[in-house]
Amino acid sequence: MKYILTETGIETELPHGTLKMSGEKEHGFRPGELLVASIAGCSGSVFRKILVKQRLELNELEITADVERNPDEANKITKITLHFEVGKTDISLEKLERNLKLARKNCPMVRSVEDSIEIKEYITIKE
C-alpha cells in the first residue's frame with residue numbers, strides 16, 4: 001500500500017475507495033479510530049465466522065468499544081474494552097462466551113496488539 005501526504009493528512013487508495021486519515025477529525029479518520037475499528041471489526045468478523053461454522057445464527061450483534069489512553073505517554077491507547085451485545089437468541093451465554101474466546105485467539109488484529117494494549121471482551125444478550 002502506498003500512502004500520500006496531502007495538505008490535510010494522509011491518503012491511500014484501496015479497491016473500494018480512498019481512505020483519508022488526519023489528526024483533525026474534519027479531514028478524515030483519526031489513526032486511533034482506525035486502530036480501534038480494526039480491532040472491533042476483526043473480532044466481530046471472526047466471532048461471526050465461528051458461529052456460522054457451527055451453524056449458529058445471530059440476528060443482531062452490536063459491538064461497543066471503550067478506549068482508555070495515557071495522556072503522559074503521547075495519549076497512547078492502553079486499554080480497549082469490547083462489549084458484544086447480541087439480540088435475543090437461543091444460543092446459551094456460555095456457548096457465546098466460549099466462541100468469543102476462540103475468536104480472540106484467531107483475530108489477527110487483537111493478536112498483533114495484545115502485548116502492548118490490554119484488550120477486554122465481554123458479551124451480553126439483550127432481553
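As the structure is a prediction and not an experimental result, all values here were calculated from the model.
Checked options Asn59, Ile123, Ile91, Leu93; the residue passing with Val86 is Ile123 (criterion: side-chain contact (heavy atoms from CB on, under 4.5 Å)).
The two atoms that bring Val36 and Ala65 nearest to each other are CG1-CB, 3.6 Å, heavy atoms only. When all heavy atoms are compared, the tightest approach of Leu82 to Ala40 is CD2-CB, 4.0 Å.
Phe84 and Tyr122 have their aromatic ring centers separated by at least 6.0 angstrom.
Within 6.0 Å of atom CD in Glu26, more than 12 heavy atoms from other residues, nucleotides or ligands are found, so the atom counts as buried in its surroundings. Dense packing is recorded around CD of Glu24, with more than 12 heavy atoms of other residues, nucleotides or ligands lying under 6.0 Å away. Around the CD atom of Glu118, the shell of radius 6.0 Å holds more than 12 heavy atoms that belong to other residues, nucleotides or ligands. By the 6.0 Å contact criterion, CG on Asn75 is enclosed, its count of non-hydrogen atoms from other residues, nucleotides or ligands being greater than 12.
Both Leu100 and Leu96 sit in one connected hydrophobic cluster of ILVMFWY residues. Membership requires side-chain heavy atoms under 4.5 Å apart, directly or through other members. Ile50 and Ile119 end up in different hydrophobic clusters when Ile, Leu, Val, Met, Phe, Trp and Tyr side chains are linked at under 4.5 Å. Under the 4.5 Å side-chain contact rule for hydrophobic residues, Ile4 and Leu19 do not share a cluster. Cluster membership check: Tyr3 shares its hydrophobic cluster with Phe29, using side-chain heavy-atom separations under 4.5 Å among Ile, Leu, Val, Met, Phe, Trp and Tyr. Following chains of ILVMFWY side-chain contacts shorter than 4.5 Å, one can reach Ile80 starting from Phe47, so the two form part of one hydrophobic cluster.
Between Val110 and Lys105, the closest side-chain pair of non-hydrogen atoms is not below 4.5 Å. Residues Arg104 and Lys101 are not in side-chain contact: their nearest non-hydrogen atoms beyond the backbone lie 4.5 Å or more apart. Considering only heavy atoms from C-beta on, Leu34 comes within 4.5 Å of Met21 through its side chain. Contact check for Ser43 versus Glu121: side-chain heavy atoms found under the 4.5 Å cut-off. Residues Glu85 and Lys126 form a side-chain contact, since some pair of their non-hydrogen atoms from C-beta on lies under 4.5 Å apart.
Side chain of Ser22 to backbone of Gly28: no donor-acceptor contact under 3.5 angstrom is found. A distance-only check finds no donor-acceptor pair linking the side chain of Gln54 to the backbone of Leu51 [under 3.5 Å]. In terms of modelled atom types and a separation under 3.5 Å, the side chain of Ser38 and the main chain of Leu35 share a donor-acceptor contact. With hydrogens and angles ignored, the 3.5 Å screen pairs a side-chain donor or acceptor of Ser116 with a backbone N or O of Val113. Of the possible polar contacts, none joining the Arg111 side chain to the Asn106 backbone as a donor-acceptor pair under 3.5 Å is found. Arg69 contributes no side-chain N or O that, together with a main-chain N or O of Ile77, makes up a donor-acceptor pair within less than 3.5 Å. A donor-acceptor distance shorter than 3.5 angstrom exists from the side chain of Thr78 to the backbone of Glu68, with no hydrogens or angles considered.
The OG1 atom of Thr124 sits 9.5 Å away from atom CD of Glu62, with the distance rounded to the nearest 0.5 Å. Interatomic distance, SG of Cys107 versus CD1 of Ile39, reported as 7.5 Å (0.5 Å rounding). Atom NZ of residue Lys20 and atom CD1 of residue Ile10 lie 13.5 Å apart, to the nearest 0.5 angstrom.
For the 3.5 Å distance criterion, the side chains of Thr18 and Glu11 fail to qualify, holding no donor opposite an acceptor.
Taking a cutoff of 4.0 Å between a charged side-chain nitrogen and a carboxylate oxygen, Lys95 and Glu97 do not qualify as a salt bridge.
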